[in-house]
Amino acid sequence: MASGEQGLLGTLGSVLRAPVPPERRGRLTLGWWILLLFAVQIVTGTLLSFYYEASPDMAAESVRYIMRDVGFGWLMRGLHVWSSHGMIALGLIQMLRVLFAGSYRGAGAASWYIGIALFFLVGLFAFTGGLLPWDDAAHGAAVRSLAVIEAVPGVGPWFATVLRGGEQVASSTLSRFYSAHVLLLPWIMFFLVLINLWFLSRRRSSEGGRP
Amino acid sequence: MIAVLPADVADDLLTELRRDLEARGWSSELSRGSEQVVLSLSGGGDPHALAGVFAGRVDADVMPILLGREYRMQRFRRRFASLVVLGLGFFFLGVLSLPVVGFLRPPHVQLVASDLVFAAPANSLLAGGTKRVTVHGQRVLFVRRDDGSAFGIGGRCTYLDGCLLEWSTTRHQVVCPCCGGAYDAYGNVIEGPPSIPLRTYAVERIGDEFFLRSES
């Protein structure tokens with residue numbers, strides 16, 4: 001049955017049940033490791049949001065509260081931070097593997113472009129999440145990053161102003177980055193991952209189980 | 001051994017397969033049903049070579065016939081292994097859920113708005129050392145004096161450029177590297193173009209840590 005007729009659950013099921021040739025197992029698990037790390041990010045991020053307060057007065061204090069007073073808060077925050085590093089590292093390795101193996105050509109082109117978008121999205125996650133502790137390092141990094149964006153000719157100043165929510169990195173910046181980090185970007189990523197899995201399922205069914 | 005074949009397998013193919021099996025030391029009994037064809041195989045042939053007889057010619061499942069006791073043992077082993085895996089799975093799930101449950105339990109200490117902001121550990125900043133701290137969105141320069149005491153002062157120059165200020169250990173003044181303005185430890189302008197004094201922040205030492213009070 002063509003994957004287009006299966007619907008969402010059917011597509012996911014067909015991807016999960018698809019037999020994997022032994023010689024390809026190692027290469028195919030990388031994407032699933034990235035997905036696992038994303039799941040860890042979602043779970044730990046949701047838990048952290050129970051205690052984090054996205055206001056300039058309380059942001060840094062709430063992070064310290066999580067690290068010092070909340071049970072296993074250090075573990076949840078550590079998992080959240082290190083799984084984000086892992087996603088970036090594994091994403092880079094996956095992109096390089098696809099590039100050197102030539103899998104981006106032909107039927108793999110759609111997954112390749114979605115992969116690029118996903119990698120860019122992971123970078124955005126790191127960028128927006130980096131400001132949330134609202135300490136000196138976070139503040140300074142945001143100021144420098146936005147200065148680089150502002151230096152882009154043409155749209156740079158306008159784009160930087162939109163990201164900051166003003167002319168300086170302030171409370172409006174924290175609000176925008178928090179909303180993007182926990183609302184906008186996760187939904188975009190969720191749908192891109194689904195679309196990527198659908199393309200993968202369609203490729204496997206058309207190529208007889210050989211991605 | 002038995003070989004289960006599709007019901008629509010052709011008679012001449014069946015005959016050919018049975019002849020090949022016989023050549024390999026397997027005698028076969030044919031049983032034709034509405035949904036499948038079963039070949040019961042007996043003999044001293046190599047069981048591992050059986051799959052090769054059918055490969056590429058017909059889609060066949062080759063399975064051993066077990067005695068009742070062997071079948072029960074195999075079923076018991078499979079169920080036992082499934083139970084062990086399931087049990088291990090639940091165990092690890094339980095272990096993994098412990099940190100989550102601990103995290104979700106409300107801590108004894110509540111998070112309350114505090115006008116005390118952490119500045120620096122007492123043993124990490126030597127005399128004459130400085131650290132830039134953000135207090136409720138404002139950049140503050142935290143300075144450790146030679147005698148070990150500390151003070152907090154606004155970290156941005158009040159002149160047009162708004163540059164980040166620095167502490168001069170030789171002049172014992174807060175200086176602006178951009179406009180050349182200088183302030184004393186109380187925020188008063190000593191020299192240079194700035195005309196507006198700096199805001200100061202009270203410092204409190206709690207244990208081995210310095211805190212800045214946001215309301216001066």
Side-chain angles (χ1 to χ4, degrees), chain A residues 36 39-40 42-80 131-144 147 164-175 177, chain B residues 92-121 124-125 129-143 152 154-157 160-166 201 206-215:
Chain A
L36 173 68
V40 169
I42 291 174
V43 170
T44 54
T46 304
L47 290 171
L48 288 171
S49 71
F50 287 5
Y51 294 102
Y52 175 75
E53 295 195 22
S55 71
D57 294 349
M58 297 300 294
E61 189 60 29
S62 63
V63 170
R64 275 171 55 85
Y65 180 66
I66 288 170
M67 294 294 286
R68 286 169 60 140
D69 298 316
V70 176
F72 296 101
W74 55 271
L75 179 63
M76 295 301 159
R77 189 177 177 223
L79 281 173
H80 195 72
L131 181 66
L132 299 186
W134 199 245
D135 55 13
D136 286 313
H139 193 272
V143 166
R144 284 189 293 272
R164 276 193 300 254
E167 296 304 319
Q168 287 189 0
V169 175
S171 59
S172 55
T173 317
L174 183 62
S175 301
F177 275 37
Chain B
F92 281 117
L93 207 63
V95 167
L96 286 176
S97 66
L98 282 176
V100 175
V101 170
F103 182 83
L104 290 173
R105 266 186 57 203
H108 298 297
V109 180
Q110 290 293 312
L111 175 64
V112 294
S114 172
D115 58 353
L116 282 179
V117 175
F118 173 76
S124 75
L125 207 58
T130 61
K131 187 182 175 194
R132 299 190 195 284
V133 182
T134 301
V135 175
H136 293 180
Q138 302 298 317
R139 302 304 299 271
V140 175
L141 186 66
F142 177 77
V143 180
R156 287 199 179 274
C157 183
L160 302 168
D161 43 24
C163 290
L164 289 174
L165 297 168
E166 297 168 354
Y201 295 80
I206 302 174
D208 287 330
E209 294 175 333
F210 282 110
F211 291 81
L212 287 166
R213 191 168 286 281
S214 61
E215 296 298 326

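Numbered from 1 within each chain, the chains take letters A, B, ... in sequence-line order.
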Practice item. Return the option, out of A:D69, A:D135, A:L47, with the maximum number of heavy-atom pairs under 4.5 Å with chain B. Key: A:L47
Practice item. Please state whether the side chain, the backbone, both or neither of A:Q168 comes within less than 4.5 Å of a heavy atom of chain B. Key: neither
Exercise for review: Please identify each residue that fulfils salt bridge (Lys or Arg N to Asp or Glu O under 4.0 Å) with A:R68, with sequence neighbours left out.
Suggested key: B:E209
Exercise for review: Tell me, please, which residues at least two apart from A:A59 pass side-chain contact (heavy atoms from CB on, under 4.5 Å).
Suggested key: A:Y52, A:W134, A:L174
Check your understanding: Taking every heavy-atom pair that is under 4.5 Å apart, which of A:V43, A:L48, A:V169 has the most such pairs with chain B?
Key -> A:L48
Point to revise | Side chain, backbone, both or neither of B:L104 within contact of chain A (heavy atoms, under 4.5 Å) | key: both
Check your understanding: Hey, mind stepping through A:Y51 and B:F103 against ring pair (Phe, Tyr, Trp, His ring centres under 6.0 Å) and telling me if it holds?
Key -> CA-CA 10 Å; A:Y51 294 102; B:F103 182 83; 5.1 Å; yes
Review point. Hey, does B:V100 have a side-chain heavy atom less than 4.5 Å from the side chain of A:M76?
Key: yes
Revision key, fill the gap. When every non-hydrogen atom of B:P107 is compared with those of A:Y65, the smallest separation belongs to CG-OH, 3.3 Å
Point to revise | chain B contact via A:L75 - side chain, backbone, both or neither, heavy atoms under 4.5 Å | key: side chain
